[in-house]
Amino acid sequence: MANPYWADGASRPVLQQLADQLGVHDKIVFTGRVPRNAALSYLLASDVCVLPHLKTPLTDMGLPHKLTQYFAAGKPVVSTPLDPVVRMFRKAVYFWQPTTAEKLSEILRDLYSDSGLRQSLAGTGQSLVREKYNWEIEKRRLLGVYESIA
């Protein structure tokens, strides 16, 4: 049996109601879970990708996989300042303190109107993923650790 949380998200009904109240329901598409190829088409059609994770001890311990996917696709990213994201991708991410939706809206407008900034962030992120943070490089590091232990 399908898990309704993963199919549509636990907040979907609340968000749909909010979209109705704000009069923006015709500007939002609630897709629910989509096949991988559809998700990829959405990613490739995006001008900017957003990583709005809440900053918690748990989210500060790992790197969201979608971040490297965004960079591999050549997309600029707006993210909350999670420790690993700041440490590894400081120069490639536009950081947003998740205080208000208005601030996020302002950042997105800034990025949308500044193609040079979008290209700079995307290019820096793509270079970091290509040259430093990718599976081939991590695999060699991990094998080196295993060899030193053996």
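Source: prediction; values computed, not measured.
Of all non-hydrogen atoms in Asp26 and Gly23, the two that sit nearest each other are OD1-O, 3.8 Å. The two residues Gly62 and Pro64 make their nearest non-hydrogen contact at O-CD, 3.6 Å. Of all non-hydrogen atoms in Arg12 and Phe30, the two that sit nearest each other are NH2-O, 3.0 Å. Nearest heavy-atom pair across Ile107 and Phe95 is CD1-O, 4.2 Å. Leu121 and Phe71 make their closest contact through O-CE2, 4.4 Å (heavy atoms, listed as atom of the first residue, atom of the second, distance).
Considering CD of Gln16 and NE2 of His25, their distance stands at 11.0 Å, rounded to 0.5 Å. Here CD of Gln119 is found 11.5 Å from OG1 of Thr124. Values are rounded to the nearest 0.5 Å. Remark: Arg36 CZ to Ser41 OG distance equals 13.0 Å, nearest 0.5 Å.
By the side-chain hydrogen bond (donor to acceptor under 3.5 Å, both in side chains) test, Ser148 is found to be paired with no residue, residues two or more places apart in sequence or in another chain being considered.
Cluster annotation: Val93 is connected to Leu128 through the hydrophobic network of ILVMFWY side chains, with a link wherever side-chain heavy atoms come within less than 4.5 Å. Hydrophobic clustering (ILVMFWY, side-chain heavy atoms < 4.5 Å, transitive): Leu63 and Leu51 are in one cluster. Tracing side-chain contacts under 4.5 Å through hydrophobic residues (I, L, V, M, F, W, Y), one reaches Leu117 starting from Trp96; they form part of the same cluster. The cluster map of Ile, Leu, Val, Met, Phe, Trp and Tyr, joined by side-chain heavy atoms under 4.5 Å apart, puts Leu15 and Val29 in different clusters.
Sequence neighbours left out, the pairs with a member in residues 65-74 that pass side chain to side chain donor-acceptor pair (under 3.5 Å) are His65-Gln69. Within the structure, the side chain to side chain donor-acceptor pair (under 3.5 Å) test picks out the following pairs touching residues 136-146 (sequence neighbours left out): Glu136-Lys139, Glu138-Arg141. Here side chain to side chain donor-acceptor pair (under 3.5 Å) pairs that include residues 107-118, with residues two or more places apart or in two chains, are Ser105-Arg109. For residues 113-139, the ring pair (Phe, Tyr, Trp, His ring centres under 6.0 Å) pairs, not counting sequence neighbours, are Phe89-Tyr133.
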For residues 72-88, which side-chain N or O atoms pair as donor and acceptor with protein atoms under 3.5 Å away, sequence neighbours left out?
| residue | atom | partner | partner atom | Å |
| --- | --- | --- | --- | --- |
| Lys75 | NZ | Leu44 | O | 3.0 |
| Lys75 | NZ | Ser46 | O | 2.7 |
| Thr80 | OG1 | His53 | O | 2.5 |
| Asp83 | OD1 | Lys55 | NZ | 2.8 |

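Around CZ of Arg90, the count of heavy atoms belonging to other residues, nucleotides or ligands within 6.0 Å does not exceed 12.
Inspection of the Thr56 and Thr59 side chains reveals an N or O donor paired with an N or O acceptor under 3.5 Å.
You'll find the side chain of Leu111 stays beyond 4.5 Å of the side chain of Asp47, heavy atoms only.
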Report task. With side-chain contact (heavy atoms from CB on, under 4.5 Å) as the test, would you mind laying out the steps for Val48 and Tyr94 before giving the verdict? Result -> CA-CA 10 Å; Val48 176; Tyr94 197 127; over 6 Å; no
